[in-house]
Q: 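Handing you this structure, nothing more for now.
All ligand and atom numbering here is 1-based and tracks the order in the structure. Heavy atoms only: backbone and side chains are in, while hydrogens, waters and symmetry mates are out.
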Amino acid sequence: MKPRDRLRVAMQKSGRLTEPALELLRRCGLSFRQSRDKLFCFGESEPVDLLLVRDDDIPGLIAQGVCDVGIVGRNVLDEFRLTAGVEQAPLAELRALGFGRCRLSIAVPQESAYREPAQLAGLRIATSYPGLLGAWLRERGIEAGVVTLAGSVEIAPKLGTADLICDLVQSGATLVANQLREADVLLDSEAVLAGPAELPGDERGDLLALLLKRLDGVIQVRESRLLLLQAPRCAVEAVTRLLPGGPQPTLLPVAGQPEQLLLQALCAGEVSWRQLEEIKKAGARDMFVLPVEKMLT
Ligand code: ATP
Ligand code: ZN
């Protein structure tokens, strides 16, 4: 294949992962020229282009070298790794991206007495994930029938084509609507950056390293909050003890009030009202919790 000096990222053309994936790439400083109904978007700010495809095609496109990396659900990546032929290049989960969270679960009819996997022996399970389900059953030494369906898995028990299902669950509303209940979780999934197990040795490797570094920054920032507050010197120690995880706070003098300090702390996660109330009780006042826009440390 002709060497490429631009990085090509595959992502879902239209679906649950499309908007959050684009937003994430934008936050990494990437911008694209073409409209989204096209298959290909040319990268303007960096030599990083997008290919918009069905999510199921993404691992294959990376394995074939058509794309360098892709944003896809862990469920799709792991299913591909289990079912693709050995001739396919090995794929790795390079980063977990924190959106598109769902579970691949076993769901049984509401009235079922299911308690443990062993009870599945001899039953028929409908799924679009025969690789993941098959591996899970094998690990437990369970012999059950796997009925592979491309979609509408949740109606299989009602149609009588299966006794239960193994499908993606997010809120559980689809299960309830079909008189099913979640009985066991096979996989916790979220969107991931999938790519080759080894970075390419050419310019694309450098571009991928840059993308990974920016992703790490964006992910860290997304979960960070900057906490600002004032406290008397004597209360600073007690206040600091109550701060959610993160590096040591910075203390600054307050003009004209020698006994008062301004405390600035980067928190690795949400700061709740309850935590703020506790911190206030310890002597703090004028508290602000700010989202962090960009961070370079
Ligand atoms: P495509 O046309 O690209 O094949 P699709 O119908 O397979 O689309 P979506 O329903 O958009 O895909 O789901 C994409 C991914 O979103 C899933 O593979 C999964 O990782 C994640 N996801 C999150 N919540 C759910 C959910 N409740 N049901 C299905 N997928 C979910
Ligand atoms: Zn799909």
Q: Nearest heavy atom to atom 31 (C) of ligand 1: which of R16, R74, R101 does it belong to?
A: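 Looking at heavy atoms only, the winner is R16.
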Q: Of all the atoms in ligand 1, which lie at a distance below 4.0 Å from a heavy atom belonging to G73?
A: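 Answer for ligand 1: 20 (O).
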Q: Verify whether one side chain among Y114 and D184 offers a donor that lies under 3.5 Å from an acceptor in the other.
A: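 Distance-only check passes for Y114 and D184.
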Q: Are R124 and D163 ion-paired here, with the side-chain N under 4.0 Å from a carboxylate O?
A: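 Yes.
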Q: What I want to check is whether the side chains of S105 and E182 have a donor and an acceptor closer together than 3.5 Å.
A: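 Judged by distance alone, the side chains do pair up.
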Q: Any nitrogen or oxygen of S14 lying under 3.5 Å from a nitrogen or oxygen in ligand 1? Just yes or no.
A: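 So ligand 1 has no N or O lying under 3.5 Å from an N or O of S14.
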Q: If the cut-off is 4.0 Å to any non-hydrogen atom of V76, which atoms of ligand 1 fall inside it?
A: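 Ligand 1 atoms under the 4.0 Å threshold to V76: 18 (O).
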Q: Ignoring angles and geometry beyond distance, decide whether D56 reaches within less than 3.5 Å of ligand 1 through its nitrogen or oxygen atoms.
A: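 Yes - when backbone and side-chain N and O of D56 are compared with those of ligand 1, one distance drops under 3.5 Å.
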Q: Is it the side chain (CB and beyond), the backbone, both or neither of V72 that lies under 4.0 Å from ligand 1, heavy atoms counted?
A: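 It is neither; nothing of V72 touches ligand 1.
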Q: Grouping I, L, V, M, F, W and Y whenever their side-chain heavy atoms are under 4.5 Å apart, do I106 and V185 come out in a common cluster?
A: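 In one cluster with I106: V185, no.
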Q: Before you tell me yes or no, could you show the steps for T240 and Q248 under side-chain contact (heavy atoms from CB on, under 4.5 Å), namely the whole-Å CA-CA distance, both residues' side-chain angles and the distance that decides it to 0.1 Å?
A: CA-CA 8 Å; T240 304; Q248 275 297 307; 4.3 Å; yes
Q: Please work out the angle at the Zn ion (ligand 2) defined by atom OD1 of D56 on one side and atom OD1 of D55 on the other, rounded to 10°.
A: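 Output for this angle: 70°, rounded to tens.
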Q: List the closest protein heavy-atom neighbour of atom 18 (O) of ligand 1: residue, atom name, distance to the nearest 0.1 Å.
A: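 Nearest neighbour among protein heavy atoms for atom 18 (O) of ligand 1, to 0.1 Å: N75 ND2, 3.0 Å.
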Q: At what distance is the nearest protein heavy atom to atom 2 (O) of ligand 1, and which residue and atom is it?
A: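 Residue, atom and distance for the closest contact: R54 NE, 3.6 Å.
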Q: Could you work out, for atom 30 (N) of ligand 1, the closest of I58, V192, L168 by heavy-atom distance?
A: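 It is L168 that holds the nearest heavy atom.
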Q: Would you say atom 6 (O) of ligand 1 makes contact with the protein, given that contact here means a non-hydrogen protein atom less than 4.0 Å away?
A: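 Neighbour list for atom 6 (O) of ligand 1 is empty of protein heavy atoms (cut-off 4.0 Å).
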Q: Quick one: which of Q260, R285, E259 gives a side-chain contact (heavy atoms from CB on, under 4.5 Å) with P232?
A: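 The option that passes is Q260.
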Q: Can E278 and R274 be counted as an ion pair, charged N to O under 4.0 angstrom?
A: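 Salt bridge flag = no for R274 with E278.
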Q: Please compare C102, A191, G15, A173 and report which has the shortest non-hydrogen distance to atom 23 (C) of ligand 1.
A: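 Looking at heavy atoms only, C102 sits closest to atom 23 (C) of ligand 1.
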Q: Quick one: does ligand 1 sit under 4.0 Å from the side chain of Q12, the backbone, both or neither, non-hydrogen atoms only?
A: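 Side chain only.
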Q: Is it the side chain, the backbone, both or neither of L17 that has a heavy atom closer than 4.0 Å to ligand 1?
A: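 L17 to ligand 1: side-chain contact only, backbone stays beyond 4.0 Å.
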